[in-house]
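Scroll down for the structure; my scribbles are underneath it.
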Amino acid sequence: MGFLDTGATFTADLNLLVQIGMGVALLAGARLARLRRFRAHGRCQATVMLLNLVMISLVMVPSFRSQVSPNLQKAGSDLYYALPVLHAALGTVAELLGLYVVLVATGARVVPVRFRFTNYRRWMRTTLVLWWVVLALGAGLYLVWYRGERVASQGPGAPGAAAVATVTVQNFTFEPKELTIHAGTTVTWRDAGGRHTVESADGFLKSDTLIAGQTYQKRFDVPGVYDYYCGNHGTKSGTGMTGRVVVTAR
Ligand SMILES: [Cu+2]
């Protein structure tokens, strides 16, 4: 769990704060250029470009590959996937543009002379504006994915109280996969990351789409075996992301 009070993971929270910090650093760096402190300006902007490469490869690319890539066909109709696709596309352009500007500005030989610009101000401003557009998209993406509130995990019920049990829903498993409870127990599915549903073929279980931090509850009064699946990553026939609740007589 992250440290911001949302359903996000630690790395997602860390990335958000680092990204905002980098956006502010770029603005401060632009100010340095205006004060004609070009050395400090160059160091500041180049550091941000390199640090962002680290965040992209350690946080954003893995997240995109596990959560967005399998659902690319939904990006046309669903903000949950459209936002990360747009963010990734513009973000890639912004990062490449930033690296290019840094290379040209430092006079690096890897850039052929005919690909060097001289209008620094225009290129750098364009990059800065694009960078902030991408940052705003990223913050919006964070809100769409993680706005669900964090839910404290429930311990065993007090004596005499209705029994409770919790299943953690994550990418891409239910934990525990098989849960055994007494009749009369209320089960809470708590989403710890990604977008999932809890559904059974007979319709007894039917959650809305959960995002990180959200929960779904169901009370089981009748002993039996209840198989269920995630509508996004599993199937009725028991493949993929599935789980089972075994209810025993009291
Ligand atoms: Cu799922």
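Residues: numbered from 1 along the sequence shown. Order of listing sets the numbers, starting from 1, for every ligand and every atom in it.
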Hey, does M49 have a side-chain heavy atom less than 4.5 Å from the side chain of L51?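 SC-SC contact between L51 and M49 ruled out.
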For the residue pair F220 and L205, establish whether any side-chain heavy-atom pair is separated by less than 4.5 Å.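 A side-chain contact under 4.5 Å exists here.
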Out of the N/O/S atoms in H233, what is the name of the one closest to the Cu ion (ligand 1)?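 The H233 atom nearest to the Cu ion (ligand 1), restricting to N, O or S, is ND1.
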Atom of H196 nearest the Cu ion (ligand 1) (restricted to N/O/S, atom name only):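 In H196, the heteroatom (N, O or S) nearest the Cu ion (ligand 1) is ND1.
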Single hit among Q170, E175, K177 for side chain to side chain donor-acceptor pair (under 3.5 Å) with T173: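 Exactly one pass, corresponding to Q170.
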Once rounded to 10 degrees, what value does the angle at the Cu ion (ligand 1) take between SD (M241) and SG (C230)?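 Computed angle, vertex at the Cu ion (ligand 1), rounded to 10 degrees: 110°.
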Pi-cation contact, Y80 with R195 (under 6.0 Å, within 45°):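 That pair qualifies as a cation-pi contact.
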